[in-house]
Amino acid sequence: QRDQFPDRLFAPPIRATLMNDGTNPVYDKEMRSEIFGQGTLMLRMAIQISMILAIIPMAVCLYVWPQLSPWYICYVILFNVLVGPVFSAGSMTSERERQTLDLLLTTTITPWQILWGKLLSGFRVSGVLTGFLMWPVILALFTTSELMRNFPALLAWFLIVFLTCATTASLALFCSCLFRKTSTSLMATYVVIIFLFLAPVAINFFGQNWFAGTTGADFTWWTTVASPFAAAHELPIFVGNSSDGVFEEYWRRAPAGSPGSFWGYWFRDLRHFTAYLLTTFGLLTALSAAMVWMFSGRWRVASSQA
């Protein structure tokens with residue numbers, strides 16, 4: 001029901017009036033297209049089943065054993081990894097398959113407008129769907145004292161989920177610019193995501209269990225800086241009988257009257273999260289620059305032909 005909340009967040013109603021001046025027509029068209037139309041029954045089933053199954057990890061990880069909260073965040077990330085690329089992998093390949101790409105390039109719409117319209121539309125749909133699974137985290141924040149004491153970690157988890165949505169959408173759009181078929185673009189996106197998100201975690205698990213304390217184990221740990229799964233688990237959380245929060249815990253660890261030791265503990269435990277942020281921002285910047293460069297070259301050729 002496109003005219004009601006929350007459906008209008010990711011599938012607004014079909015436009016029956018003229019667009020306002022300054023509106024990006026690519027974004028408006030993509031947002032109001034039939035994203036859940038014919039041929040997406042499997043996608044709808046995957047979304048519904050995933051949200052129903054989220055009740056179990058939500059209850060166990062957020063309320064019964066709050067120390068397992070990172071596992072629920074990993075469940076949310078996995079949901080976005082499975083669903084997110086679907087909405088962006090066919091953004092450009094569909095233009096090629098319908099033979100409308102060259103026609104689009106001969107318009108007055110700039111390459112950047114085309115790209116951010118395609119990217120933001122796919123990101124908005126996947127982001128809203130993923131955000132539905134983050135509502136239990138907000139509810140647990142006000143009903144569970146352990147999570148309230150770890151409020152900085154909750155903010156970091158929301159940032160990780162947001163960046164995961166942006167990364168999967170950007171990777172899917174980048175692959176859509178490279179390949180000519182939607183199926184090939186989608187498969188390539190999942191391969192890259194597995195290589196970035198999951199493979200380093202498996203390698204690190206092997207290194208930490210069989211080569212603990214060696215230089216190789218430290219190297220495998222640093223290879224996970226691009227993985228949101230690892231970033232969610234590396235954030236420090238403190239649960240238990242103590243009523244102390246994150247800051248009180250670090251002050252207790254540091255020697256008396258030594259603020260430098262307090263910040264030393266703080267940055268030591270956040271070094272992986274900081275590296276993840278820098279790596280992700282660098283990846284998103286590189287993908288955006290590469291897509292703009294490829295599109296600008298194609299756009300100049302189309303302009304000269306026109």
Identify the two heavy atoms, one from [X] and one from [Y], that lie closest to each other, and give their separation to 0.1 Å.
X      : Y      : answer
Ala172 : Ser185 : O-OG, 3.8 Å
Pro85  : Val81  : CD-O, 3.2 Å
Ser88  : Ala169 : CB-O, 3.6 Å
Tyr72  : Pro136 : OH-CG, 3.5 Å
Gly84  : Ser126 : CA-CB, 3.7 Å

side-chain hydrogen bond (donor to acceptor under 3.5 Å, both in side chains) with [X]: which residues, sequence neighbours excluded?
X      : value
Thr182 : Thr93, Glu97
Ser227 : none
Ser176 : none

[X] side, atom [atom1]; [Y] side, atom [atom2] - distance, nearest 0.5 Å:
X      : Y      : atom1 : atom2 : value
Ser50  : Leu78  : OG    : CG    : 8.0 Å
Phe174 : Ser288 : CZ    : OG    : 10.5 Å
Leu235 : Leu270 : CG    : CG    : 7.0 Å
Leu198 : Ile203 : CG    : CD1   : 11.0 Å
Thr285 : Phe281 : OG1   : CZ    : 8.5 Å

Subject >> Sequence neighbours excluded, every pair satisfying ring pair (Phe, Tyr, Trp, His ring centres under 6.0 Å) that has a member inside residues 178-207 >> reply: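 The answer is Phe206-Trp210, Phe206-Phe211.
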Compare all side-chain heavy atoms of [X] with those of [Y] and state whether any distance is below 4.5 angstrom.
X      : Y      : value
Leu119 : Ser170 : yes
Leu159 : Phe273 : yes
Glu234 : Tyr276 : no
Leu163 : Pro228 : no
Leu196 : Leu171 : yes
Tyr75  : Cys61  : no
Phe158 : Val137 : yes
Thr143 : Tyr63  : yes

Original post:
Looking at residues at least two apart in the chain, or sitting in another chain, which of them share a ring pair (Phe, Tyr, Trp, His ring centres under 6.0 Å) with Phe162?
Top reply: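 Only Phe123 meet the ring pair (Phe, Tyr, Trp, His ring centres under 6.0 Å) criterion with Phe162.
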**OP:** Could you pull out all residues at least two apart from Trp71 that satisfy ring pair (Phe, Tyr, Trp, His ring centres under 6.0 Å)?
**Re:**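 Trp71 satisfies ring pair (Phe, Tyr, Trp, His ring centres under 6.0 Å) with His233 only.
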Original post:
Are more than 12 heavy atoms from other residues, nucleotides or ligands located less than 6.0 Å from atom CE of Met134?
Top reply: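 Check passes, neighbour count above 12.
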By side-chain contact (heavy atoms from CB on, under 4.5 Å), which residues pair with [X], not counting sequence neighbours?
X      : value
Val225 : Trp222, His272, Ala275, Thr279
Leu115 : Leu173, Cys177, Met291, Val292, Phe295
Met51  : Ile47, Phe79, Leu129, Phe132, Leu133
Ala202 : none

Subject >> Side chain Ser69, main chain Pro66, donor-acceptor under 3.5 Å >> reply: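 Side chain of Ser69 to backbone of Pro66, a donor-acceptor pair under 3.5 Å: yes, one is there.
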**OP:** Report yes or no: does Thr224 contribute a side-chain atom to a donor-acceptor pair with the main-chain N or O of Trp221 at less than 3.5 Å?
**Re:**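 Here the side-chain-to-backbone pair exists.
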Treat each ILVMFWY residue as a node, draw an edge where side-chain heavy atoms are under 4.5 Å apart, and state whether [X] and [Y] are in one component.
X      : Y      : answer
Val60  : Ile73  : no
Leu283 : Val191 : no
Ile52  : Val128 : no
Met294 : Trp112 : yes
Leu68  : Leu62  : no

**OP:** Tell me, please, which residues at least two apart from Glu95 pass salt bridge (Lys or Arg N to Asp or Glu O under 4.0 Å).
**Re:**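 Applying salt bridge (Lys or Arg N to Asp or Glu O under 4.0 Å) to Glu95 gives Arg98, Lys118.
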Original post:
Does anything in residues 153-168 pair up under side-chain hydrogen bond (donor to acceptor under 3.5 Å, both in side chains), and if so which pairs, sequence neighbours excluded?
Top reply: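 For residues 153-168, and leaving out neighbouring residues, the side-chain hydrogen bond (donor to acceptor under 3.5 Å, both in side chains) pairs sorted by first residue read Asn80-Thr168.
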